[in-house]
Amino acid sequence: GIDRIVSDRRVAPPAPPAPLGTSRATTAAPTKRAAVPADVDDDSARVHVVFSTDCSAYQDWQSEVVFHSALHVSHGGPLTRIASGCDAASQARLRRRYAELYGDLFGRCLFVHFTPKFDKDADSGKTYYFYNKPRGLEHWLAQPNSSATLTEIVALIDPDFAFLKPLSATLHRPTALVARPWRLDDVPERVDRGRPWGQQYGLGAHWTTFDRLKICGAGSPCLAVTAPEANKYYPVGPPYVLHVDDWRALAPVWTEFAPRVYAQYPYLLAEMYAYCCAAAHLRLRHARLNHLMLSNVGAGDEAWRLSDPVPLGAACGSSADDRQSSVPPLLRRAQPATAPVPTFLHLCDPPPASDDDILTATTWCTPPNSTPCRRDWPPILIPGQNYRLGEWMFAKRRIPSGLFTDCGHPLLAAPPPEVWRLRYELQPPGNPCREAAKRKPLANALAANRTAFVLCLATAYVNAAATRARSGCAAPPNASVRLFDLATRCDRPPGRRAAPTTRVVVVRSPQSPQSRAAAR
């Protein structure tokens with residue numbers, strides 16, 4: 001029963017039984033937890049959300065979407081960006097920018113922690129960008145005066161997450177979803193020492209086929225894990241939700257194992273398999289949950305069961321008024337807090353004072369009189385895939401960084417309410433000056449509905465964060481542009497003709513006369 005399981009898991013995990021060839025300490029003094037304000041009863045106040053980035057403009061704008069979405073849903077705990085490889089000028093620039101964008105929230109509830117660039121392994125000389133994740137986390141945890149001392153629970157996400165509601169470390173029934181063979185009754189009610197959670201990912205037990213002796217060392221519990229045990233306890237990914245003391249034990253081991261895994265598996269996901277090995281080494285058996293995020297519209301092990309019943313009009317709008325506001329009803333703070341939605345698109349808010357306040361909340365961390373968000377949404381949306389319906393698309397690598405820094409840059413055009421009716425996608429060509437977009441039918445109506453859901457919400461969130469980022473501009477642009485048209489634009493040299501189907505469409509806002517400008 002749950003009482004027995006909770007009792008068994010209260011014991012902190014044992015120290016690593018095999019030496020790791022490092023002098024880094026894996027233990028720390030008891031965590032000093034920040035006091036939760038009396039007017040905050042949200043369990044998310046216990047959860048410190050952190051994410052690792054480099055210092056590129058690409059991850060600058062993603063970080064601002066994470067921060068803005070957390071502000072929007074009034075997540076109760078702090079957020080920290082762990083930024084690796086920023087020079088002194090970049091560090092000063094980011095500190096100034098965050099102080100301007102977030103006021104006194106920066107340094108109180110919202111933080112940035114700078115680390116050296118960790119993407120190269122000193123022993124092999126090989127570069128793997130995701131070394132920054134375990135090494136940056138370890139660096140942050142090791143600093144005695146860092147934001148790591150603020151809460152007992154730490155959740156590690158990726159920078160391409162956006163909050164849909166506050167992230168809680170308490171299981172909320174009956175809408176919690178678990179990954180088989182887990183049963184809901186076997187999942188710890190709350191994250192605590194030795195009782196971590198993770199979102200189910202399709203990693204399987206592949207890491208058990210590696211030469212684990214070379215990765216984990218002789219005598220490691222990692223060596224004894226069977227394939228069924230590996231499948232049950234360890235194929236998890238962001239959000240990883242652990243007690244901070246477990247993180248202090250795990251981060252150095254994860255750092256040590258990552259290059260050893262990469263040596264055998266030099267591909268994307270190597271650091272995730274290294275996490276599996278490190279967790280197994282410390283006997284940190286994770287409860288695998290499915291309700292923490294949305295990402296892949298074809299996945300059966302995410303929180304789509306929670307979002308599929310939501311009317312698409314709530315995500316994309318369904319009327320002329322919706323189009324005029326350009327903000328989907330689901331993201332309006334006037335939307336009832338009981339609206340049925342998932343935690344991460346990786347959206348649920350108190351009513352706004354006016355439409356001008358939509359998506360610009362500044363009361364995060366200590367939200368006064370906030371209406372509780374509905375608990376049957378996933379906390380996170382991860383717009384990390386490429387989402388396409390007809391000539392509408394969202395692809396994070398297609399977002400121009402100028403959207404967040406250039407006052408004259410048009411915002412992204414919002415998909416129309418009827419976008420969900422489309423049953424095909426157009427794939428941008430590799431060379432838009434010579435090739436046309438390729439048309440591909442969608443698998444089914446469910447795929448179209450889910451794609452429309454993400455298209456509308458991700459576009460709205462990026463626009464909202466960009467609008468906040470440019471709040472100091474004299475006037476916002478009165479035009480918008482589709483990502484598809486940016487992706488198929490032919491910036492051709494003289495003498496080269498563009499493909500006849502390539503064009504750029506700029507859509508004027510509803511407040512100004514309708515116009516479309518085509519460039520060939």
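Start at 1 with the first residue, then count along the sequence.
Using a cut-off of 4.0 Å between Lys/Arg side-chain N and Asp/Glu carboxylate O, Asp119 and Arg135 are scored as not salt-bridged.
Proximity of Leu242 to His286: side-chain heavy atoms (C-beta onward) are separated by under 4.5 Å at one or more points. Using a 4.5 Å heavy-atom threshold, the side chains of Asp158 and Lys133 count as touching. Residues Phe130 and Tyr262 have side chains not in contact (no heavy-atom distance under 4.5 Å, counting atoms from C-beta outward).
Cys55 and Leu94 make their closest contact through SG-CD1, 4.3 Å (heavy atoms, listed as atom of the first residue, atom of the second, distance). Contact record, Gln199 with Pro238: CB-O, 3.7 Å, taken as the closest heavy-atom pair. The minimum heavy-atom distance linking Gln59 with Pro159 is given by the pair NE2-CG, 3.5 Å. Gly198 approaches Leu292 most closely through the heavy-atom pair C-CD1, 4.3 Å.
No side-chain donor-acceptor contact under 3.5 Å links Ser84 and Asp54. At a cut-off of 3.5 Å, with distance as the only test, no side-chain donor of Tyr387 or Glu425 sits close to an acceptor on the other residue. Trp140 and Ser147 share a side-chain donor-acceptor pair at under 3.5 Å. Side-chain atoms of His68 and Tyr102 include no donor-acceptor pair closer than 3.5 Å. Between the side chains of Arg388 and Tyr424, not a single donor N or O lies within less than 3.5 Å of an accepting N or O. At a cut-off of 3.5 Å, with distance as the only test, no side-chain donor of Ser63 or Asp60 sits close to an acceptor on the other residue.
Under the 3.5 Å distance criterion, the side-chain polar atoms of Asn463 are left unmatched by any main-chain donor or acceptor of Leu411. A donor-acceptor pair under 3.5 Å is absent between the side-chain atoms of Trp61 and the main chain of Ala465, judged by distance alone. Put simply, the side chain of Trp247 never gets that close to the backbone of Leu137: no donor and acceptor are under 3.5 Å apart.
Ring pair His113/His139 is tilted by interplanar angle, where 30° to 60° counts as tilted.
Outside the 6.0 Å centre-distance limit, the rings of Tyr275 and Tyr234 are not counted as a close aromatic pair. For Phe163 and His75, the ring centers sit closer than 6.0 Å to each other.
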Evaluation steps, ring pair (Phe, Tyr, Trp, His ring centres under 6.0 Å), between Tyr131 and Phe118:
CA-CA 6 Å; Tyr131 286 151; Phe118 287 130; 9.9 Å; no
Ring pair (Phe, Tyr, Trp, His ring centres under 6.0 Å) between Phe106 and Phe111, worked out:
CA-CA 6 Å; Phe106 179 56; Phe111 304 87; 7.6 Å; no
